[in-house]
Protein chains: 2
Amino acid sequence: MLHVVEKFERTRLSAADWEVGALDLIASQGVGAVAVEALARQLGVTKGSFYWHFPTREALLKAALERWERQDTDHVFGQVEPIADPRERLGELFRRSGREARSHVIYSALLQALDHPLVQPVMERVSQRRMDFLARAYRQIGMERRQALHRARLAYAAYVGFLQLTLQLGMPRLDHAEFDAYVEHVIATLIPA
Amino acid sequence: MLHVVEKFERTRLSAADWEVGALDLIASQGVGAVAVEALARQLGVTKGSFYWHFPTREALLKAALERWERQDTDHVFGQVEPIADPRERLGELFRRSGREARSHVIYSALLQALDHPLVQPVMERVSQRRMDFLARAYRQIGMERRQALHRARLAYAAYVGFLQLTLQLGMPRLDHAEFDAYVEHVIATLIPA
DNA sequence: ACCTCACCATACTCTTGCGTATGGTAGCAC
DNA sequence: GTGCTACCATACGCAAGAGTATGGTGAGGT
């Protein structure tokens, strides 16, 4: 129940500790679970501490989202960006999308909170950036501009839907081998030879 | 502000009126907006009325979800089921997916509330049913069993992601013509010749 | 050794939204 | 026309969670 997360029983906390704590909560239980008293309990302090670091709950959310957006950009793209062949680059990107990466889990959780005014613009930027990345790769393959945009939109929609169906709906329950087969099918279908 | 929805100024309400009112709220502002006092205000009565028809808020949600699931099944499939050619059937299904159909809007809103214990099982059933429908069509086309399942999963993920991206994120803002072009691209990509 | 201030606890208030208690009214049976 | 009952209003209680006020404490600089 009360599995405390604190790294090493730090005596004092910083604003950054609250931010990563908030991101932990978002990843595990969604944005709605980010309550200051619950988070304080999880960090081993009380809300008195929180309101020294942040003026309001929204401020924490804003800071946490900025932190995530910052680290997400290079975490997802940085790994595959150097791959020269665009087909190979896209394939590797698809393969990495299901590997329970923390960034994907948080992205999926934030997808569930798109009605929140602080979340929406962040997600719009991140999603647009990722789709542009896909569109560029498809253009490099040799697709016509319009086609590349459509294919990027389709591929990204498939990614978003996949996250929703597996992480949120928890529906397919496919094992490791079956998942690999699915990803290869997606690659064969969405990346032209 | 207070654009009342009531059909024709009925003097008395029935449980069904509350259910469709709840579905209206879900479609326009999500599951979280289904609050009994707000809904009562919208129907021109007070909460005193509500608790005569339903023992609790959850009961209303349950009834509304059952109503939606019932009418959704034939609303989405009923229109395309009679189409004999599986390719044609799938294409028509894809084309209908973006046409702002009420059922899709509600499905998208419920997708945002998958953490709710009442919503999850309903969505699991509906989604599974729809994916089975897709898989059957792909099999009829002549795809191998395993391939058909993967393709159905991919197509449905693309559908779910599309809803999320357009209705919730409000991101692409593509006009009518551009949307049609996108759908045709999807059909060409996901339905084998 | 002590002083400071960054960090934290305790004890409130306020708002929101669910649910309850109880009494009122309108339409139908007879 | 009177009474029953289905529907509704008003006025509560109650819990959760955000935010405030105020006082305490311990580690680092001097």
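Lettering of chains follows the sequences in order, A, B, ..., and the numbering in each one begins at 1. Heavy-atom basis, side chains included; hydrogens, waters and symmetry copies ignored.
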Rounded to whole Å, how long is the line connecting atom [atom1] of [X] with atom [atom2] of [N]?
X: A:F50; N: D:dT20; atom1: CZ; atom2: P; value: 11 Å
X: A:F54; N: D:dT20; atom1: CZ; atom2: C1'; value: 18 Å
X: B:Y51; N: C:dT22; atom1: OH; atom2: P; value: 17 Å
X: B:H53; N: D:dT5; atom1: NE2; atom2: C1'; value: 13 Å
X: B:L60; N: C:dG17; atom1: CG; atom2: P; value: 16 Å
X: A:R57; N: D:dA16; atom1: CZ; atom2: P; value: 17 Å
X: A:R41; N: C:dC8; atom1: CZ; atom2: P; value: 16 Å
X: A:Q42; N: C:dC8; atom1: CD; atom2: C1'; value: 18 Å

Measuring from the side chain of [X] (C-beta onward, heavy atoms only), which nucleotide among [options] has the closest atom?
X: A:S49; options: D:dC8, D:dA9, C:dA9; answer: C:dA9
X: A:T46; options: D:dT10, C:dA9, C:dG19; answer: C:dA9
X: A:K47; options: C:dC8, D:dC7, D:dA18; answer: D:dA18
X: B:L13; options: C:dG19, C:dA9, D:dC8; answer: D:dC8

Name the pairs: protein N/O against N/O of nucleotides 23-30 of chain D, kept only if under 3.5 Å.
none

On the ring face of A:F77, is A:R129 found with NZ or CZ under 6.0 Å from the centre and within 45° of the axis?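 No, cation not above the ring by the 6.0 Å, 45° rule.
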
Return a table of donor-acceptor pairs under 3.5 angstrom between the side chains of residues 174-193 of chain B and protein atoms on other chains or two or more places apart.
from: B:D175; atom 1: OD1; to: B:A177; atom 2: N; distance (Å): 3.4
from: B:D175; atom 1: OD1; to: B:E178; atom 2: N; distance (Å): 2.8
from: B:D180; atom 1: OD1; to: B:R99; atom 2: NH2; distance (Å): 3.3
from: B:E184; atom 1: OE1; to: B:R95; atom 2: NH1; distance (Å): 3.2
from: B:E184; atom 1: OE2; to: B:R95; atom 2: NH1; distance (Å): 2.5
from: B:H185; atom 1: ND1; to: A:Q147; atom 2: OE1; distance (Å): 3.1
from: B:H185; atom 1: NE2; to: A:R151; atom 2: NE; distance (Å): 3.1
from: B:H185; atom 1: NE2; to: B:T189; atom 2: OG1; distance (Å): 3.4
from: B:T189; atom 1: OG1; to: A:R151; atom 2: NH2; distance (Å): 3.3
from: B:T189; atom 1: OG1; to: B:H185; atom 2: O; distance (Å): 2.7

How are the rings of B:H53 and B:W18 set to each other: parallel, tilted or perpendicular (split at 30° and 60°)? tilted

Looking only at the aromatic ring of each residue, does the gap between the centers of A:F162 and A:Y159 stay below 6.0 angstrom? no

Heavy-atom closest contact (B:P86 atom, B:A137 atom, distance):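 So the two residues come closest at CB-O, 3.6 Å.
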
Using a cut-off of 6.0 Å, state whether more than 12 heavy atoms not belonging to B:R146 lie near its atom CZ.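 Counting other residues, nucleotides and ligands, CZ of B:R146 stays at 12 neighbours or fewer.
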
Residues A:R12, A:D17; criterion salt bridge (charged side-chain N to carboxylate O under 4.0 Å, His left out); working and verdict: CA-CA 10 Å; A:R12 314 285 276 250; A:D17 293 319; over 6 Å; no

Would you mind telling me which residue lines up with the more 5' stretch of DNA chain D, A:G48 or B:W52, judged by nearest nucleotide? B:W52

